[in-house]
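Reviewing the structure listed below.
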Amino acid sequence: MGKTRRNFLAGLARSKGFCVENTLSSNVTHIVAEDNPADELWLWLQKQGIADLDKINVLDISWFTQSMSAGRPIPVEVQHRIEDALEVLAENYELIESVGPCLGFKKAASVLKSLPVPVRSIRDVEGLPCLGPETMAVIEDIFEFGSSSKVEDVLKDERYQTLKIFTSVFGVGPKTAEKWYRQGLRNLTQIVSDSTIHLNNMQKAGFQYYDDISKPVSKAEAEALSRIIVEIAGCVNPEVTVTLTGGFRRGKEFGHDVDFLLHVPGPGKEDGLLPAVIDRLRSQGVLLYLDFQESTFDISKLPSCRFEAMDHFQKCFLILKLKKEQVVGQQVEQRCGKDWKAVRVDLVAPPAECYPFALLGWSGSTVRDERSCIK
DNA sequence: AGGCCTACG
DNA sequence: CGTA
DNA sequence: GCCT
């Protein structure tokens, strides 16, 4: 996180009696990260050669704010450590394209997340669905030693680390990452400076705006984008309503993209809406990347299954240029620097009669299994 | 042994 | 093949 | 990897 913000948060913590270190040492018990993903930090920590990695907790800003209001460090749930561990395994299998094991660990992690009560001991998870012998071994290790060697090995693995870096680029999946890895490439600088590598448009945008779109999007930024989309959609059709969906609608403070649902009352009125909005974004010079998906929605073929139909609505995946001056509470300091940030934005325009279902669908979970439960 | 979300560009 |  |  930025220096100013770090100083502010450190001062706040010290005023509450917390001991805040400026450098990493074996005294450090809790590390708060804001922009960096937890697993990225774990990688870095391992390179620092600290003795007891088990004793260190990597936490997000919500742990910090909760601990501040509690006046003491709130205990880190073992459950959270287990979930992270299982997700690391799932991700590793995803990167090496082992669909089955990947899904198995994803489901196991998701089962733990959905438990109404916190897991206090191994007995609390016995008999739960999707927790087989392999998963149980990981859970037992974390209860007993605070970590699982299987997971630690994955985190140390060069292939895992490298594939993770490569797939962090928008447009790069396991296949491409693996190809680059087999060519002996190990970091992003080597990729961009290799003239024999030919990137597709998605990947070009991914590298071009890598720094910006890797950063979390704040609620203030989402709201600024909302004002922009409302303004433009209103010009196209004054009857359009724009709804912020996805994580921000569920009250999250940060997200990796911003989702909007555009709604026009009256059947068939959504036709041509997105193309018109996109045209205006383009002529304003804020459209950095576009992936437009034609609707295949056909009500005659889908008489009642409106949830399944969700995936057929007209939608587009964009990267937009957000001016910093348009974000509330964001003062532009450098007069000669980039005064904007690239942000991933999704727009969806369902037919009027599907609007309530689309709203529910785009506000909830991304996993299809969990979606169909709503039905 | 075979499935694990699916549709689009 | 990559995205959501 | 877990389930059927």
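The chains referred to below are lettered A, B, ... by the order of the sequence lines, with proteins before strands, and numbering in each begins at 1. Model, not experiment: these values are computed from the prediction.
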Report summary line: note: A:I278, atom CD1; B:dG9, atom P; distance rounded to Å ~ 12 Å
Query raised in the report: Between A:Y289 and A:F170, does the ring centroid distance fall short of 6.0 Å?
Result: yes
Query - Gap in Å between the two P atoms, one belonging to B:dC4 and one to C:dA4, rounded - result: 23 Å
Query raised in the report: Can we say A:E221 and A:K215 salt-bridge, meaning some charged N sits less than 4.0 Å from an Asp/Glu carboxylate O?
Result: no
**Report entry** Among C:dC1, D:dC2, C:dA4, the nucleotide that comes nearest once only the side chain of A:T135 is considered
**Finding:** D:dC2
Requested in this report: Let me know the distance between CG of A:D346 and C1' of B:dC8, rounded to the nearest Å.
Outcome: 14 Å
Query raised in the report: Tell me, which of residues 95-106 of chain A have any heavy atom that sits under 4.0 Å from an atom in DNA chain B?
Result: A:G100, A:L103
Query raised in the report: Which of these nucleotides, D:dC2, C:dT3, C:dC1, is closest to any side-chain atom of A:P133?
Result: D:dC2
Requested in this report: Using the P atoms only, state how far B:dA7 lies from D:dG1, rounded to an integer number of Å.
Outcome: 29 Å
Report summary line: Residues passing the salt bridge (charged side-chain N to carboxylate O under 4.0 Å, His left out) test with A:E126, sequence neighbours excluded, are none
Query - Within residues 276-288 of chain A or reaching into it, pairs that qualify as side chain to side chain donor-acceptor pair (under 3.5 Å) - sequence neighbours excluded - result: A:D279-A:R282
Query raised in the report: Rounded to whole angstrom units, what separation is found between the CE atom of A:M202 and the P atom of C:dA4?
Result: 8 Å
Report task. Rounded to the nearest angstrom, tell me the gap between atom NZ in A:K204 and atom C1' in B:dG9. Result -> 16 Å
Query - Contact under 4.0 Å: A:R344 side-chain N or O vs C:dT3 OP1/OP2 - result: no
**Report entry** Touch class at under 4.0 angstrom, heavy-atom based, for A:D259 against every strand present
**Finding:** nothing
Report task. Calculate the interatomic distance between A:F292 atom CZ and C:dA4 atom P; express it in whole Å. Result -> 17 Å
Report task. Keeping to residues at least two apart or across chains, list the salt bridge (Lys or Arg N to Asp or Glu O under 4.0 Å) pairs with something in residues 195-208 of chain A. Result -> none
Report summary line: Atom CD of A:Q314 and atom C1' of B:dC8 are separated, to the nearest Å, by 13 Å
Report task. Not counting sequence neighbours, which residues clear side chain to side chain contact (heavy atoms under 4.5 Å, CB included) with A:R159? List them please. Result -> A:I96, A:D157, A:L163, A:E178, A:Y181
Query raised in the report: Taking only residues two or more places apart in sequence, or in another chain, which ones meet A:D141 in a side chain to side chain contact (heavy atoms under 4.5 Å, CB included)?
Result: A:F145, A:S148
Requested in this report: Identify which nucleotide among B:dC8, D:dC2, C:dA4 has an atom closest to any side-chain atom of A:Q293, counting heavy atoms from C-beta outward.
Outcome: B:dC8
Query raised in the report: Nearest-Å distance, CZ (A:F260) to P (C:dA4)?
Result: 15 Å
Query raised in the report: Whole-Å distance between D:dC2 P and A:L131 CG?
Result: 8 Å
Requested in this report: Among the candidates D:dG1, D:dC2, C:dA4, find the nucleotide nearest to the side-chain atoms of A:F317.
Outcome: C:dA4
Report summary line: Picking from D:dC2, C:dA4, C:dC1, the nucleotide nearest the side-chain atoms of A:F170 would be C:dA4
